[in-house]
Trainee: 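The following block contains the structure, expressed as structure tokens.
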Amino acid sequence: MALQSEEKLEVGYSSLQPKTRKWVLLMLRVLAFFATAAATVVMGLNKETKTLVVATVGSTPIKASLTAKFQHTPAFLFFVIANGLASIHNLVMIMGDLFGQKLDYKGLRLAMIAILDMMTVALVSGGVSAAAFMAELGKNGNSHARWNKICDKFETFCDHGGGALIASFAGLILMLIISVMSIIKLLSKPKPDSTIVVP
């Protein structure tokens, strides 16, 4: 009798644990989606135009309107593309978790999710690293190469870029956690419950 109730407790616990883990993973994906989507939108709309003095002829300043856009820097362009692809990946995985439970072909679903999660981590990591390097260069310049800083002239552009970097780093951390959870889920595939009742 005690053995039978012990078996029931174990079966109940094992069926409850994957559901909790599934909802935690789903919530992490939603947060990662919002973080990478915010980084994409903020950097994608990042633009500032200023009129600056570019030269002086005699005592007359020559002014020009200069625009700072994310498209002017390949690293920022890669950043937007990487975060956009990560957002799409997370959105597809969320839809798959909610509606695609029966789309498993010979047990390859969990392996494909783990591989795609790792690829997304690598993509976002490359994009945010390149953008962070360019942001540091824009903020401090490089005296050895005689590259001037631009953040003293385009403050709003740099502030928005910094916000996008923070959101992307948050998305990267969440994607790392998701990737680890996907690998753990792959390695510990649920075994079919054996409900043998011993009289």
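Numbering starts at 1 and runs along the sequence shown. Note that this is a predicted model, so its numbers are computed, not measured.
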Trainee: Within the structure provided, determine whether Phe76 and Val80 are in side-chain contact (heavy-atom separation under 4.5 Å).
Mentor: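 In short, these two side chains do not touch, never coming nearer than 4.5 Å.
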
Trainee: For residues 113-137, which residue pairs pass the side-chain hydrogen bond (donor to acceptor under 3.5 Å, both in side chains) check, not counting sequence neighbours?
Mentor: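 Pairs touching residues 113-137 that pass the test: Arg29-Asp117, His89-Asp117, Asp117-Ser182, Glu136-Asn140.
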
Trainee: Grab the two heavy atoms, one from Ala131 and one from Ala75, that are nearest each other, plus how far apart they are.
Mentor: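 The pair with the smallest heavy-atom distance is N-CB, 4.3 Å.
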
Trainee: What about Phe169 and Leu123, same hydrophobic cluster or not, with Ile/Leu/Val/Met/Phe/Trp/Tyr joined at side-chain heavy-atom distances under 4.5 Å?
Mentor: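 The answer is yes; both residues are in one hydrophobic cluster.
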
Trainee: Nearest 0.5 Å, what's the CZ-CZ distance between Phe78 and Phe70?
Mentor: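 Output value for this atom pair is 14.0 Å.
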
Trainee: With sequence neighbours left out, which residue pairs that include part of residues 156-168 fulfil the side-chain hydrogen bond (donor to acceptor under 3.5 Å, both in side chains) condition?
Mentor: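 Sorted result for residues 156-168: Asn83-Ser168.
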
Trainee: Should side-chain heavy atoms under 4.5 Å link Ile, Leu, Val, Met, Phe, Trp and Tyr, which residues sit in the same cluster as Met27?
Mentor: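 Besides Met27, the cluster holds no residue at all.
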
Trainee: Could you state the interatomic distance from CD1 (Ile183) to CD1 (Ile178), rounded to the nearest 0.5 Å?
Mentor: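 If I round to the nearest 0.5 Å, the distance is 12.0 Å.
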
Trainee: Output every pair passing disulfide (SG to SG under 2.5 Å) with a member in residues 154-183, not counting sequence neighbours, ordered by first then second residue.
Mentor: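 Disulfide (SG to SG under 2.5 Å) check on residues 154-183 returns Cys151-Cys158.
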
Trainee: Quick one: pull up NZ in Lys69 and CZ in Phe157 and give me the separation to the nearest 0.5 Å.
Mentor: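 Here the rounded value is 10.5 Å.
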
Trainee: What pair of heavy atoms forms the shortest contact from Met43 to Gly161, and how long is it?
Mentor: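 What the structure gives for the nearest pair is CE-CA, 4.0 Å.
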
Trainee: Measure across Val124 and Ala86 and return the closest heavy-atom pair with its distance rounded to 0.1 Å.
Mentor: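 So the minimum-distance heavy-atom pair works out to CG2-CB, 3.4 Å.
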
Trainee: Determine whether Thr40 and Phe79 make a side-chain contact, defined as any pair of heavy atoms from C-beta on separated by less than 4.5 Å.
Mentor: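 No, every pair of side-chain atoms sits at 4.5 Å or beyond.
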
Trainee: Kindly compute the distance separating CG (Leu25) from CD1 (Ile177), expressed to the nearest 0.5 Å.
Mentor: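 One finds 11.0 Å between CG of Leu25 and CD1 of Ile177.
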
Trainee: Is there a continuous path of hydrophobic side-chain contacts, each under 4.5 Å between heavy atoms, that joins Phe33 to Ile166?
Mentor: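 No, it is not one cluster - the side chains of Phe33 and Ile166 are not joined through contacts under 4.5 Å.
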
Trainee: If every non-hydrogen atom of Ser87 is compared with every non-hydrogen atom of Ala37, which pair is closest and at what distance?
Mentor: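 Nearest heavy atoms, Ser87 then Ala37: OG-N, 3.0 Å.
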
Trainee: With a 4.5 Å limit on heavy-atom distance, are the side chains of Val24 and Leu28 in contact?
Mentor: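 In short, these two side chains touch, coming nearer than 4.5 Å.
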
Trainee: Do Met93 and Leu116 have side chains that get closer than 4.5 Å, going by heavy atoms?
Mentor: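 Result yes, sub-4.5 Å side-chain heavy-atom pair found.
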
Trainee: Who else is in Leu45's hydrophobic cluster (ILVMFWY, side-chain heavy atoms under 4.5 Å, direct or via others)?
Mentor: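 Noted: Leu45 shares its cluster with Val41.
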
Trainee: What's the spacing between Ile94 CD1 and Leu98 CG if we round to 0.5 Å?
Mentor: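 Ile94 CD1 to Leu98 CG: 7.5 Å, rounded to 0.5 Å.
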
Trainee: For Ala32 and Leu174, work out which heavy atoms get closest and say how close.
Mentor: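 Reported closest heavy-atom pair: N-CD1, 3.6 Å.
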
Trainee: Show the nearest heavy-atom pair for residues Ala114 and Leu186, with the distance to one decimal.
Mentor: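 For Ala114 versus Leu186, the nearest heavy atoms are CB-CD2, 4.2 Å.
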
Trainee: Taking everything shown except Lys153 itself, do over 12 heavy atoms lie less than 6.0 Å from its NZ?
Mentor: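 Enclosed.
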
Trainee: Quick check for you: to the nearest 0.5 Å, what is the distance between Thr36 atom OG1 and Leu85 atom CG?
Mentor: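 The distance works out to 10.0 Å.
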
Trainee: Side chain to side chain donor-acceptor pair (under 3.5 Å) with Glu155: which residues, sequence neighbours excluded?
Mentor: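 Side chain to side chain donor-acceptor pair (under 3.5 Å) list for Glu155, sorted by chain: Lys50.
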
